[in-house]
There are 2 protein chains.
Amino acid sequence: MGNGQRKSQNQPPRRMGRFLRIGLLLLLRRGENYGYILAAELPKLGLPRQSSVHSVIYRLLRRMEEEGLVSSRWETSQRGPRRRLYSITRQGEIALDILMARLLETTALIERLAAVYHANGDVSQ
Amino acid sequence: MGNGQRKSQNQPPRRMGRFLRIGLLLLLRRGENYGYILAAELPKLGLPRQSSVHSVIYRLLRRMEEEGLVSSRWETSQRGPRRRLYSITRQGEIALDILMARLLETTALIERLAAVYHANGDVSQ
DNA sequence: CACCACTATTGACAATATGTACATAGCATG
DNA sequence: CATGCTATGTACATATTGTCAATAGTGGTG
């Protein structure tokens, strides 16, 4: 207790935007779906629940539609509150490919940093 | 006129904050150093140059000092503009360990997403 | 000396991203 | 009709980031 380390310890909320996009595109690649379900499915892909809050997912989906990565239509003829059904577009599929490629770059960066990290005390270059 | 694909293609600037922090801590673990040099060294660790702009690095270093991860002092007796020399603190070393641990989680997430990505058309599950 | 280039740090501003909380609305149940 | 679940959306505050400019010391050139 009472040590002064809290400030750097209390992990600030991770920035998951990039991963959320990928997760949503992956889910939508499986087929048309709507936000409420997508938000519930994301944690199953490994995304932190905290980042998969509904309002965040809805906002992101609208954004992705603006960008042309997904398209939406209102589900017709079902009971309960209306659902906005999203589908991945061709552009979205391309974007997914690009995002995954960039993920590889990120992995490479991480490995590089990890290598330096583990080169402990070894100060030479 | 032009097709409408540009919007999602032109890659938005990556968010490197987390990696920059790690890079700076790794560099400072090698020994005291100042911003101008640190900004030049980061790309050698694999960080994109775009993210290693001086003003960004200076700002981040000040921020990290506020958080107690690094400490600074003015270099005495040298010619040219004064330099603010940074050192990593004990807390900074701990934070580095934590950041690296979280990097592993990120790697796990990436692998998981990649697995789903490559399970192409395989909609089952 | 006037001018320029390089080193070195900082501050200010706008744009974007994110967290959080709330608002709306349909339907079902007791 | 109060409550709770499904379902979507909006609004506001804050955090992060990119960009640009300001300041300052030193050295070289004409």
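These values consider heavy atoms only, across backbone and side chains, with no hydrogens, waters or symmetry-generated copies. Proteins come first, then strands; the chains are lettered A, B, ... in the order of their sequence lines, and each starts at number 1.
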Please tell me if the side chains of B/L45 and B/F19 come closer than 4.5 Å, counting only heavy atoms from C-beta onward. no

Can you tell me how far P of C/dT10 sits from CD1 of B/I57, to the nearest Å? 13 Å

Please report, rounded to the nearest Å, how far the C1' atom of C/dT18 is from the CG atom of A/L60. 11 Å

Whichever of A/L85 and B/G80 has the more 5' nearest nucleotide on DNA chain D, that residue is A/L85

Carboxylate-amine/guanidinium contact A/R90 A/E93, below 4.0 Å: yes

How many Å lie between CZ on B/R82 and C1' on D/dT23, as a whole number? 10 Å

Which whole-number value in Å describes the distance from A/E41 CD to D/dT6 P? 14 Å

Which part of the nucleic acid, if any, lies within reach of B/V53 when heavy atoms closer than 4.0 Å are counted: base, sugar-phosphate only, or nothing? nothing

Below 4.0 Å: OP1/OP2 of C/dT10 and any side-chain N or O of B/R84: yes

For atom CZ of B/R15 and atom P of C/dA15, their distance in whole Å: 15 Å

Under 4.0 Å from OP1 or OP2 of C/dA17: is there any side-chain N or O of A/R59 that close? no

Length of the CD-C1' vector between A/Q50 and C/dA17, whole Å: 15 Å

Return the value, rounded to whole Å, for the distance between atom CD of A/E75 and atom C1' of D/dT6. 12 Å

Quick one: A/E66 CD to D/dG9 P, roughly how many Å, whole number? 12 Å

Students often get this wrong, so: under 4.0 angstrom with heavy atoms, is B/R18 touching a base, only sugar-phosphate, or nothing? nothing

Does the side chain of B/Y58 get closer than 4.0 angstrom to OP1 or OP2 of C/dT10 through an N or O atom? no

Can a donor-acceptor pair be found, under 3.5 Å and without considering hydrogens, that links the side chain of A/R18 to the backbone of A/L103? no

Under 3.5 Å, is there any donor-acceptor pair linking the side chain of B/R62 to the base of C/dG11? no

Counting side-chain heavy atoms from CB outward, which of D/dT8, C/dT10, D/dC12 is closest to B/S55? C/dT10

Only one of A/W74, A/Y34, A/Y36, A/Y58 passes side-chain contact (heavy atoms from CB on, under 4.5 Å) with A/R84; say which it is. A/W74

Got a salt bridge between B/R62 and B/E66, using NZ or NE/NH1/NH2 to carboxylate O under 4.0 Å? no

Using a distance-only criterion (donor-acceptor N/O pair, under 3.5 Å, no hydrogens), is the base of C/dG26 paired with the side chain of A/R83? no

B/R79 side chain N/O closer than 4.0 Å to the phosphate oxygens (OP1, OP2) of C/dT7? no

Both B/H54 and A/P81 contact DNA chain C. Which one's nearest nucleotide lies toward the 5' end? B/H54

